[in-house]
Protein chains: 2
Amino acid sequence: MSSEEMSGRSATTAAQVRKDLSLFGSFGKRGLGYDVADLSERLKKILGLDRRWRVALVGAGRIGSALVEYGGFAERSYDVVAIFDSDPSKVGERWGGLRVRDISQFVSVAKDQGVEIVILAIPVEAVPSVMEYVEEAGVRGILNFAPTKLKVPERVAVKDVNMVMELEALSFALSQEDEEA
Amino acid sequence: MSSEEMSGRSATTAAQVRKDLSLFGSFGKRGLGYDVADLSERLKKILGLDRRWRVALVGAGRIGSALVEYGGFAERSYDVVAIFDSDPSKVGERWGGLRVRDISQFVSVAKDQGVEIVILAIPVEAVPSVMEYVEEAGVRGILNFAPTKLKVPERVAVKDVNMVMELEALSFALSQEDEEA
DNA sequence: GCGGCTTTGTGAAAATCTTCACAATATTAG
DNA sequence: CTAATATTGTGAAGATTTTCACAAAGCCGC
Ligand SMILES: NC(=O)c1ccc[n+]([C@@H]2O[C@H](COP(=O)([O-])OP(=O)(O)OC[C@H]3O[C@@H](n4cnc5c(N)ncnc54)[C@H](O)[C@@H]3O)[C@@H](O)[C@H]2O)c1
Ligand SMILES: NC(=O)c1ccc[n+]([C@@H]2O[C@H](COP(=O)([O-])OP(=O)(O)OC[C@H]3O[C@@H](n4cnc5c(N)ncnc54)[C@H](O)[C@@H]3O)[C@@H](O)[C@H]2O)c1
């Protein structure tokens with residue numbers, strides 16, 4: 001597949017595809033393009049997707065439920081290996097093959113299970129107390145759904161998901177269109 | 001509040017805050033900083049958040065359910081005014097104050113309700129057929145959860161939410177750390 | 001009203017990112 | 001083997017974004 005075709009399938013340009021790839025090495029054949037299987041494998045390695053990652057879900061609420069039941073994570077490289085909540089009525093429930101555990105067990109269970117990434121799906125108020133556990137357990141990456149800026153040590157990587165902000169970006173685009181008209 | 005304090009609360013710098021704001025006008029007072037209430041109001045106007053937006057949810061599944069029950073959208077400027085699905089067992093259900101409607105009614109209901117933004121939470125396979133309705137109804141913005149690149153006319157704004165990609169960005173960051181060590 | 005302190009708004013400089021454009025290389029047809 | 005065609009990889013140019021740094025304002029205490 002050529003860089004031209006790749007750019008057509010995503011939201012970028014052929015030159016951008018080639019430049020981006022060139023930062024990691026030389027993957028294509030001149031005149032021919034890229035071997036999809038080979039490129040895919042090499043990129044997976046670069047992105048750390050040549051192995052599976054152990055993930056814990058914290059917050060067995062609405063978002064948490066949608067995520068755990070979703071097959072899209074396991075299909076890629078992510079296995080949810082533990083689920084935590086603080087609500088006694090949720091602790092003990094079975095979700096998929098897992099039992100919801102009390103958040104107080106986080107550190108021991110996470111260490112035991114080798115959890116490297118946490119999906120944080122709890123209310124903003126609960127964030128500071130939970131972050132203490134997360135830090136103590138030596139978690140290295142956090143996918144955060146709570147609309148708050150996490151305070152983490154330098155070594156911890158954080159990605160925020162904020163759907164309200166995405167909607168706000170849409171509103172802005174639409175308002176701009178209106179003004180131009 | 002000074003640009004310094006604002007930058008401390010978010011992931012940016014004081015100079016960036018001032019430069020960004022200066023693109024839209026002059027909001028602060030030298031030596032004093034910004035009046036939070038005033039700045040907030042003026043930014044809301046610029047972002048198109050000085051009015052409410054009418055949103056339809058398409059796909060009454062796991063993600064859709066989490067979103068509809070979530071209060072965070074109504075709290076900002078977004079009202080979900082209609083819900084659609086194609087599954088006969090879901091059509092007719094009551095979700096919050098709304099009845100789940102059949103997707104075939106999308107165009108007429110969306111036009112009737114003045115829907116401007118659609119939240120797309122359906123499987124990838126269902127996207128092309130649903131997009132025909134969405135386009136015909138004159139929807140102007142789409143928040144897309146399906147992991148596929150939407151084909152839309154120029155005037156339609158799209159924002160993609162892709163949690164797997166966020167996790168992959170985390171994996172990459174963690175792999176990089178490992179390599180450095 | 002003046003001096004000291006603070007913080008904005010913004011040109012200019014620096015850094016980063018994207019696009020251009022083409023030599024190098026590979027394939028295919030004859 | 002040669003010519004025609006395709007497409008990479010990458011310097012250089014161009015565009016955009018971020019940071020720097022400071023004159024211009026504004027507040028406060030005396
Ligand atoms: N639902 C959505 O569509 C949506 C969208 C965007 C953002 N969010 C954000 O995601 C987060 C979760 O949202 P939700 O809708 O799933 O909320 P939810 O109330 O349905 O679920 C939150 C869960 O966290 C648990 N919890 C509370 N304190 C805890 C603690 N200290 N330790 C462990 N678990 C604890 C609760 O018991 C509950 O089960 C919130 O910050 C919300 O703002 C949600
Ligand atoms: N659940 C998650 O955590 C998650 C995470 C990331 C991405 N996604 C993506 O979000 C989308 C929805 O995921 P989900 O987990 O909610 O799936 P789901 O299967 O729970 O829900 C999808 C819903 O869409 C409905 N539907 C199917 N075809 C339709 C059509 N033509 N018109 C209207 N409705 C139709 C189904 O009946 C179902 O109710 C998928 O594309 C998925 O890949 C989900």
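Residue numbering restarts at 1 for every chain, and letters A, B, ... go by the order of the sequence lines. Hydrogens, waters and symmetry mates are skipped; everything else that's a heavy atom, side chains included, is used. Only a predicted model underlies this, so the values are computations on that prediction, with no experimental measurement involved.
- OP1 or OP2 of C:dG9 has at least one side-chain nitrogen or oxygen of B:Ser26 nearer than 4.0 Å.
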request  = Could you check A:Arg51 against A:Glu116 for salt bridge (Lys or Arg N to Asp or Glu O under 4.0 Å), going step by step and ending with a plain yes or no?
outcome  = CA-CA 13 Å; A:Arg51 65 159 181 108; A:Glu116 294 169 289; 3.0 Å; yes
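- To the nearest angstrom, C1' of C:dC17 lies 11 Å from CG of A:Leu23.
- Between the CD atom of A:Glu5 and the P atom of D:dT8 there is a distance of 11 Å, given to the nearest Å.
- Sorted by first and then second residue, the ring-ring contact (aromatic ring centres under 6.0 Å, His included) pairs with a member in residues 98-119 of chain B read B:Phe84-B:Phe106; sequence neighbours excluded.
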query = Given the rule in the side-chain contact (heavy atoms from CB on, under 4.5 Å) test, do A:Arg101 and A:Val109 qualify, once you have shown the distances and angles that lead to the verdict?
reply = CA-CA 9 Å; A:Arg101 293 168 186 269; A:Val109 173; 3.6 Å; yes
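- Residues from residues 29-49 of chain A placing a heavy atom under 4.0 Å of any atom in DNA chain C, listed by number, are A:Arg30, A:Leu32.
- The number of heavy-atom neighbours closer than 6.0 Å to CD of A:Glu4, taken from other residues, nucleotides and ligands shown, is 12 or below.
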Quick test: give all pairs of protein nitrogen or oxygen and nucleotides 19-21 of chain C nitrogen or oxygen below 3.5 Å, distance rounded to 0.1 Å.
from, atom 1, to, atom 2, distance (Å)
C:dT19, OP2, A:Thr13, OG1, 3.2
C:dA21, N6, A:Arg18, NH2, 3.2

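- With sequence neighbours left out, B:Asp79 forms a side-chain hydrogen bond (donor to acceptor under 3.5 Å, both in side chains) with B:Arg52.
- Across the protein-nucleic acid pair, A:Leu21 atom CG and D:dT10 atom P stand 11 Å apart, rounded to whole Å.
- Remark: B:Asp38 engages B:Arg42 in a salt bridge (Lys or Arg N to Asp or Glu O under 4.0 Å) (not counting sequence neighbours).
- The CG atom of A:Asp20 sits 14 Å away from the P atom of D:dT8 (whole-angstrom rounding).
- OP1 or OP2 of D:dT8 has at least one side-chain nitrogen or oxygen of A:Ser3 nearer than 4.0 Å.
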ask   = Please walk me through it: do B:Val115 and B:Val81 pass side-chain contact (heavy atoms from CB on, under 4.5 Å)?
value = CA-CA 8 Å; B:Val115 168; B:Val81 298; 3.8 Å; yes
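- Residues that satisfy the side-chain hydrogen bond (donor to acceptor under 3.5 Å, both in side chains) test with B:Glu93, not counting sequence neighbours, are B:Trp95.
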